[in-house]
Amino acid sequence: MPLSARIALGMLFLTAGLSGCDIFNNQPPPSTPATQPTSNSGSYTTLEQSVHEQINQYRKSQNLPPLTLNAEISKEAKAHSQAMANGTVAFSHDGFEGRVKEIGTSINYRSAAENVAYNQGYSDPATQAVQGWIKSPGHLKNIQGDFNLTGIGVVQNAKGEYYLTQIFIKRG
């Protein structure tokens, strides 16, 4: 594969009962209202919207319910993509536990998962990432998982590299 057309994928899945993974349980105090899912399309880039639409199209084809795009989750996904794009963290899931804990301050959740992708040189980096995730058993498990919320962050750096993060959340 030429250097101008590179793709890399990563996935992480954390849920109660999954052997060898951390268990994330977050119960907000009784006085804390649960944040409602949002889909404020004005705050998302075209690429983020494209990832969301493609993932939901795939889920629909599998008779799975759509994921609701959530601004709080997307904020964490975007921050991770930005950190990878600027080299603050390696292309990885480093800090995933912290991202989920931050999401847990406003969303009561039962489980969480994350897919990341990196690519460069494609005319449609969002589709390239989604297609790669669907072809990968681990990523596909996250896409098909029992989740109802998602957040997506896509960042392009000065070198033309795209970093994509999608976080999946099952509301508690």
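Numbering of residues begins at 1 and proceeds along the displayed sequence. Worth saying up front: this structure is predicted, and the values here are computed from it rather than measured.
- Atom CG in Asn142 sits 10.0 Å away from atom OG1 in Thr150 (nearest 0.5 Å).
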Given side-chain contact (heavy atoms from CB on, under 4.5 Å), test Met84 with Tyr118 step by step and report yes or no. CA-CA 9 Å; Met84 290 187 296; Tyr118 154 86; over 6 Å; no
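- Evaluation of the salt bridge (Lys or Arg N to Asp or Glu O under 4.0 Å) rule for Lys170 yields Asp146 as partners, not counting sequence neighbours.
- Under the 4.5 Å side-chain criterion, counting only non-hydrogen atoms from C-beta, Asn157 is not in contact with Asn86.
- Between the side chain of Gln120 and the main chain of Lys159, a donor-acceptor pair closer than 3.5 Å is present.
- The two residues Gly160 and Gln156 come nearest to each other via the heavy atoms CA-NE2, 3.4 Å.
- Taking both residues in full, the closest heavy atoms of Tyr109 and Gly104 are given as CE2-CA, 3.5 Å, listed atom of the first, atom of the second, then distance.
- Ring planes of His139 and Trp133: parallel class, angle under 30° (limits at 30 and 60°).
- With contacts defined as side-chain heavy-atom distances shorter than 4.5 Å, the pair Val89/His80 qualifies.
- The side-chain contact (heavy atoms from CB on, under 4.5 Å) check on Ser74 picks up Tyr44, Leu69, with sequence neighbours excluded.
- At least one donor-acceptor pair under 3.5 Å links the side chain of Asn148 to the backbone N or O of Arg171.
- By the side-chain contact (heavy atoms from CB on, under 4.5 Å) test, Asp94 pairs with Ser92, sequence neighbours left out.
- For the atom pair CD of Gln144 and CG of Asn63, the computed distance is 11.5 Å after rounding to the nearest 0.5 Å.
- Counting only heavy atoms from C-beta outward, the side chains of Val154 and Ser81 never approach each other to under 4.5 Å.
- Listed by chain and number, the residues in a side-chain contact (heavy atoms from CB on, under 4.5 Å) with Glu102 are Glu76, Thr105 (sequence neighbours excluded).
- Asn119 places no side-chain N or O within 3.5 Å of a backbone atom of Tyr122 that could act as its donor or acceptor partner.
- Counting heavy atoms from C-beta on, the side chains of Gln49 and Thr45 never come closer than 4.5 Å.
- Taken to the nearest 0.5 Å, the NZ atom of Lys141 stands 12.0 Å off from the OG atom of Ser136.
- Once rounded to the nearest 0.5 Å, the distance linking CD of Gln62 with CD1 of Ile143 reads 10.5 Å.
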Apply side-chain contact (heavy atoms from CB on, under 4.5 Å) to Leu67 and Gln166, showing your working. CA-CA 11 Å; Leu67 300 172; Gln166 181 168 21; 4.3 Å; yes
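- With a 4.5 Å cut-off on side-chain heavy atoms, Phe91 and Tyr163 count as touching.
- The side-chain heavy atoms of Pro65 and Arg59, taken from C-beta on, include a pair separated by under 4.5 Å.
- Residues satisfying the side-chain contact (heavy atoms from CB on, under 4.5 Å) criterion with Ala77, sequence neighbours excluded, are Thr165, Ile167.
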When you look at Phe168 and Ile73, which way does the side-chain contact (heavy atoms from CB on, under 4.5 Å) test go after all the steps? CA-CA 8 Å; Phe168 302 86; Ile73 301 168; over 6 Å; no
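- Residue Glu48 forms a side-chain contact (heavy atoms from CB on, under 4.5 Å) with just one option from Ile152, Leu164, Val155, and that option is Ile152.
- Taking every heavy atom of both residues into account, Val51 and Ala126 meet most closely at CG2-CB, 3.7 Å.
- Taking CG of Asn115 as the start and CG of Leu140 as the end, the distance is 9.5 Å to the nearest 0.5 Å.
- Distance alone, capped at 3.5 Å, is enough to place a donor-acceptor pair between the Ser61 side chain and the Tyr58 backbone.
- Taking Arg99 as the reference, Glu114 meet the salt bridge (Lys or Arg N to Asp or Glu O under 4.0 Å) condition, with sequence neighbours excluded.
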